[in-house]
Structures are given as structure tokens and as C-alpha cells.
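The sequence lines fix the lettering, A, B, ..., with proteins before strands; numbering per chain opens at 1.
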There are 2 protein chains.
Amino acid sequence: MNLKELSQNLGLSQTTVSRALNGYPEVSPATRARVEEAAKTFNYRPSTRAKGLATGKALAIGHVIPVSNKHEMVNPIFGDFIAGAGETYSRHGYEMILSIVADEDENQVYRGLKSRRAVDGVIVHGPRMNDPRIPLLHDLGLPFAVHGRASGCALPYAWLDVNNRSAFLRATDFLFDLGHRRIALINGIEGMDFAHRRREGYSASLLAHGLHVDPALMRAGEMTEVFGFQSAMDMLGGPDAPTAILCSSLISALGVRRAIDERGLVIGKDVSVVTHDDDLSYLQNGGDVPIFTATRSSVRDAGRRLATMLLAAIAAPHAPPQHHLLEAELMIGQSTGPAPKRD
Amino acid sequence: MNLKELSQNLGLSQTTVSRALNGYPEVSPATRARVEEAAKTFNYRPSTRAKGLATGKALAIGHVIPVSNKHEMVNPIFGDFIAGAGETYSRHGYEMILSIVADEDENQVYRGLKSRRAVDGVIVHGPRMNDPRIPLLHDLGLPFAVHGRASGCALPYAWLDVNNRSAFLRATDFLFDLGHRRIALINGIEGMDFAHRRREGYSASLLAHGLHVDPALMRAGEMTEVFGFQSAMDMLGGPDAPTAILCSSLISALGVRRAIDERGLVIGKDVSVVTHDDDLSYLQNGGDVPIFTATRSSVRDAGRRLATMLLAAIAAPHAPPQHHLLEAELMIGQSTGPAPKRD
DNA sequence: AATCATTTTCAAAGCGCTTTGGATATGCCT
DNA sequence: AGGCATATCCAAAGCGCTTTGAAAATGATT
């Protein structure tokens with residue numbers, strides 16, 4: 001059923017039917033009701049493509065998901081993030097279109113989305129420091145909003161981020177207050193902006209307490225279970241092993257826990273662990289009592305908010321870009337305790 | 001830059017330019033080269049919407065992701081699956097459009113995609129037994145392919161599935177051969193087709209060995225870490241605790257491992273664990289030596305294959321629906337060993 | 001009853017592409 | 001040179017919608 005057929009069916013012109021359906025005032029309430037009912041019974045919905053052509057809007061938002069071609073890894077937070085964003089889109093009649101793309105082809109994808117006029121805007125995932133995508137999108141004139149930030153980027157742009165620095169500063173402080181002096185950091189890949197900020201917060205706390213930052217206690221890599229395991233095995237086996245580990249993801253924290261077990265140690269007693277927790281739906285940090293002491297911030301909520309922000313930016317193209325800094329919550333769980341006494 | 005501008009720029013008609021770009025034969029090689037170069041320098045790409053309108057194809061595939069509104073959970077395999085499917089789509093010039101939707105609104109979403117002519121076909125995720133979506137899509141005449149199968153559905157349809165029954169039968173056999181007699185099953189939600197088939201394989205093996213199927217050793221629920229933990233805690237604490245646990249997901253297996261630790265038992269010695277492993281990029285089952293003994297089948301690979309299947313079905317609408325049954329690989333890891341001797 | 005303002009409806013153009021049917025140019029043969 | 005096939009290109013219609021500018025219907029006013 002298309003508009004023409006529907007209007008013939010009603011004995012009205014396409015104009016009137018279109019206006020009735022789109023809420024224009026110049027249609028009598030009686031006619032509008034009649035049209036709406038007919039649309040419902042015939043299950044009529046305007047063709048997205050035709051509507052898009054006519055209005056010049058795509059009514060779609062693009063998400064370009066980089067897949068690190070080294071590990072072919074999809075960021076595990078991605079599912080929850082788009083679940084949040086998707087809610088917002090469907091409420092506003094937008095479609096979400098997804099491009100999975102190898103790191104190095106990203107630029108081409110953004111260019112393609114723009115020149116094919118496939119989307120009205122895009123969400124930028126996983127920003128790195130000095131991320132080249134931001135100037136690119138700026139040049140292309142494609143509205144965008146960033147999940148995270150890109151340190152070193154001078155241009156103004158819309159973003160939403162967790163306050164990674166303060167979260168990790170606070171977590172490190174917390175461990176210090178428990179008496180820990182050798183605190184390790186198992187972080188995300190160097191170059192990712194969030195990892196950089198977390199390290200900054202961690203370092204700032206150590207320095208503020210007169211401790212020095214020991215490279216032997218820092219690891220950076222893709223945040224898998226295995227990476228957490230190996231990093232922790234490594235550090236716990238060496239001399240001057242840490243008594244506490246700060247971890248960038250719940251998944252690597254699970255690996256850290258496995259390493260602690262494997263070394264015959266007890267988590268929360270011999271070794272304390274604090275992790276960041278994105279509050280993923282399939283990976284809850286325990287039930288009522290958290291398993292891990294964690295800095296928590298819901299990534300699904302972030303998706304909802306950032307999508308809202310982008311739609312607002314599209315609706316008001318000349319408004320200054322919005323920002324939103326979320327504070328993570330520090331949840332005390334069972335994985336932390338006082339530093340063990342030195343023998 | 002649009003087609004009109006590009007063709008004026010070249011001093012050619014829109015027809016010729018369009019044909020040159022779409023590989024039609026009635027264009028001289030010289031002209032084609034000239035057109036292609038101009039398209040490149042001006043970064044011209046046809047508007048998806050206009051092209052779709054003109055051809056009647058949407059050049060897009062829909063993925064409708066159900067979010068169980070009880071737990072608001074996004075299936076963790078989803079990211080890897082669409083990473084695989086996305087590869088296939090972009091190679092064929094298709095877009096992927098995603099709808100995140102609460103269970104109960106699914107039907108409306110499919111109807112909407114159809115009547116808005118937003119997609120050329122859809123992938124059905126997470127089929128349940130007697131899944132109503134299959135007859136619905138059949139009626140709508142919207143091409144589709146199912147990731148999994150729907151027992152009890154008489155209609156022919158295209159699907160790709162892991163042989164869940166044989167995988168779990170084999171895993172149970174394996175545990176039996178190690179001497180285990182009390183083997184528990186921590187499964188996905190009842191009603192999901194895959195969970196049903198896995199239980200069937202498990203039961204069939206037990207019965208074949210003269211064991212009876214004990215409801216006290218079976219749990220079904222959303223496959224989270226916490227669910228695995230609680231189920232295992234529960235069963236290991238009771239009388240007649242299992243000596244082996246069969247688990248439907250690596251994530252819940254991590255919970256099972258935590259429960260085993262918590263009970264002061266040793267995995268692979270006091271309690272053996274076998275899990276299904278979807279080979280997720282961010283949750284590898286260990287490095288060279290698997291942590292868990294597992295039935296493994298790559299969900300990303302499934303995404304690639306199923307997408308290919310759907311595109312083929314769209315290209316040849318009258319061909320009979322294709323099927324593909326993948327056999328999972330049994331990987332022996334460190335989580336299984338001979339059944340402990342009874343005291 | 002005639003006039004005017006307002007409400008309600010309409011015909012037609014345009015969005016950017018593909019594709020049909022036709023026109024023109026080119027090369028080859030006799 | 002004339003005739004024919006083939007190669008190359010084009011104008012215009014159509015995809016399903018929105019929207020402009022105008023017409024018809026209605027009601028209020030004199």
C-alpha cells in the first residue's frame with residue numbers, strides 16, 4: 001500500500017493524506033481521523049526512502065564500529081551502548097545503521113555515509129588521543145557526537161564521557177587508604193583516550209601520596225580475560241608483587257581473579273582488586289553485594305544520553321555542541337581489604 | 001555532488017554516467033574510465049535513498065534484536081555475530097539496520113520494516129520454540145534467515161544453526177567416559193530453541209548410559225555470570241552434589257568457576273566443567289590451552305555465513321530455502337578430569 | 001444575496017536516481 | 001558511396017513521498 005493507493009481509496013488527494021498523517025494543521029479533525037484509521041487498517045507506513053528523498057533527511061543515525069584488525073575484537077560494551085541509543089532512536093522515528101569496519105578503513109566509511117547521504121549524523125566510538133576522525137567529520141559537515149573524548153583535539157565537538165580521571169584517582173586513593181603501597185594498573189590499549197585518562201588519575205593519586213609510578217606495575221592491552229590473567233600472573237609472580245590491582249574492565253578483572261587463584265592467593269585478602277564496571281547487562285558485578293569493588297557507570301545509559309544529544313544537535317545545527325561528564329560511582333565489594341602486613 | 005552535477009561536469013547525460021558507474025556494457029571503455037575518475041575526484045556516491053526508490057530495493061538488511069524486558073539483557077554474542085554479518089554486507093554494498101526492541105513489540109517492528117520498505121530482508125535472532133515470527137515473516141513476504149532454528153515450526157525457512165544436540169550429547173558422553181555419573185546442566189532460558197536442543201542432547205546421553213535425568217541437576221535462566229554462580233553454589237552445596245557441570249555459555253561458566261572456588265573445591269579435580277564456547281573475540285577461552293573444556297563454534301563465522309545465505313535468498317527469491325548445520329568442536333581444556341573417587 | 005475571510009482540499013513540481021525506447025555516430029561490407 | 005549492423009549516447013518517465021501555490025468549499029458579514 002502506498003500513498004497514492006491510500007488516497008484513492010479515501011477519495012482524497014495525496015497532499016491531504018500526507019498532511020493528515022504528518023500532523024499539519026490544515027486538515028479538518030474529521031478528515032484526519034478518517035485518514036488515520038484507514039492508514040491503520042491498511043497498515044500503511046510511508047516508504048523511508050521516498051520520504052527521505054523528499055525531505056532531504058535520512059532519518060537515520062550511523063554507528064561506525066571499529067574492529068581492531070589486530071585482534072578482530074568487537075568492544076564488549078558495544079551491545080549495551082547501542083541498546084541504549086536504539087531506544088532513543090526508535091522513540092524519535094530514527095533508524096540506526098551500523099557499519100562494522102576495520103580500523104584503517106574508517107575514514108572511507110565516514111566519507112561514504114556522507115556522500116551517499118545515508119545518515120543525518122554519526123556516533124563516534126572508541127576515540128583515541130588526537131583522533132583524526134573529529135577533524136574529518138568537521139570538514140565533511142556531518143553532525144556527530146563522541147562517546148568519550150579525544151585529548152589533544154582543539155575543535156569543539158559534542159561528547160559524553162565518564163570522568164575516567166577522577167574515577168581512577170578515587171579508586172587509587174581508596175586503595176592507598178587501605179594501606180596499599182604497591183598498586184598495579186591493568187589498563188586498556190595505549191592511545192585510547194579513556195586509557196590515557198585513567199592512567200592520569202592513577203598516577204596523580206600515587207604522586208599525591210608521595211609514591212612513584214612504577215612501570216613494572218603497569219600493563220596496557222585489549223581488555224580480554226586472558227590479558228587480565230596474564231598481566232596479573234606476571235606481576236604476582238615477580239619480585240615486589242603488587243598488593244592491589246586496578247583494572248580497566250570487568251572482563252579482565254575476571255582474568256585477574258583467575259590469576260590470583262592460580263597463584264594460591266586470596267582475593268580481597270592477599271591481593272585487592274578494583275575494576276571499572278560498565279554495568280553490562282550480561283555481566284553484572286554480582287548481585288546485592290558486588291563481587292568486585294568497582295567504579296561503576298552504565299554504558300547503556302550513556303548510549304541513551306548520547307543519542308539524545310546527537311538528535312538535538314541535528315535538530316539545531318547552529319547550537320554550540322553539548323558535553324556531558326558522568327561521574328562513576330565507587331561501589332565497595334568483596335575484592336578489597338586492608339593491605340597484608342609485610343612478613 | 002549529485003548525478004546531475006556530475007554529468008554536466010563531464011558533458012554527458014545522466015544515463016551514460018549512471019550506466020558507466022553501474023557496469024553496464026553499453027558504455028565505451030574510454031568514457032567509463034573518464035566517468036569513474038571524475039566520480040572519484042568529486043567523491044561522488046549515489047544517494048542510497050534515491051537509488052533505493054528507483055530500483056525498488058532497499059539495499060539494507062534488518063537485524064531485530066530482542067531485549068528481554070525482564071532483564072533488559074542484550075545477548076552478549078550479538079556483537080560478534082553482527083561483526084561477521086557486517087563484513088558480508090559491506091562487501092555486497094548492503095547496509096545493516098538495527099532495531100533494538102522489547103520482546104513484546106517485535107511483531108510491530110517486522111511489520112514496520114516491511115511496510116516502510118526499509119529493508120530487503122531480515123535476520124531473526126534468538127528463535128524460540130514454535131517461534132511466531134517465522135509464520136509472520138512468511139505472511140509478510142519479507143525474506144528472512146534464522147540464526148538457530150525453531151522446533152515445531154512446519155514452514156520451510158532458511159536457517160543456520162550449531163548442532164546443539166550433538167554437541168551436548170558428545171560433551172555429556174565425554175564426562176561419562178571420565179567416570180562422572182552426576183552431571184549437572186546449567187542451560188539457557190527454557191523456551192529458547194537452542195536450550196531445548198542442548199537439553200535433549202544431554203538427556204539422550206544420560207539415558208543411553210542408563211542414567212536417569214535428575215531435575216535437581218538442571219537449571220535454566222539468562223546466561224549471566226551471576227546465574228552460573230548461583231546455580232553452581234546451589235547444586236554444589238546440596239546433598240548428592242554433581243561431580244561435573246555442563247554449561248551453556250562461557251560467561252556463566254566463569255560464574256561456575258567462582259562458585260567452585262568459593263566452595264573450596266578445585267575445578268578439573270573435584271568438579272569438572274564443560275561449557276559451550278561461542279568463540280567471542282573479547283572472551284577467548286584461554287590462550288593455547290583452553291581454560292575450559294568446551295564445545296566451540298564461532299558465532300562470528302555464523303554471522304558471515306548466515307548473511308551470505310540471506311543475500312543469496314534475496315537474489316533468488318524462488319530458490320528453496322537453504323540450511324546450514326555447523327558441528328561444534330570439542331576442545332579439551334583444564335577444567336575436566338576423572339571423576340573423584342567416592343569416599 | 002453578494003462579498004470576503006477562512007478552512008479544506010488539490011494538481012503539479014521536485015527530491016536523485018534507474019531504465020526504457022529512441023536517436024545518432026561509427027565502422028564494415030558490398 | 002550506399003546500406004546495414006553495432007556501438008554509443010540521450011531525453012524523458014517513473015519510483016513514493018513532501019510541499020508550494022492555487023482552487024474550491026464553507027461560513028460569517030454586510
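Ring centers of A/Phe78 and A/His63: at least 6.0 Å apart, outside the cut-off.
What separates CG of B/Leu10 from P of D/dT8 is a distance of 17 Å, to the nearest Å.
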*Reading nucleotides 13-22 of chain D 5' to 3', which nucleotides get B (base under 4.0 Å from a protein heavy atom), which S (sugar-phosphate only), which -?*
-BBBBBBBB-

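A/Trp159 and A/His323 have parallel rings, their planes meeting at less than 30° on a 0 to 90° scale where 60° marks the start of perpendicular. Ring geometry for B/His147 against B/His125 counts as perpendicular: the plane angle is over 60°, on a 0 to 90° scale with 30° as the lower cut.
The shortest heavy-atom contact between A/Val119 and A/Gly62 is CG1-N, 3.5 Å.
In this structure, B/Glu37 places its CD atom where only 12 or fewer heavy-atom neighbours from other residues, nucleotides or ligands lie under 6.0 Å away.
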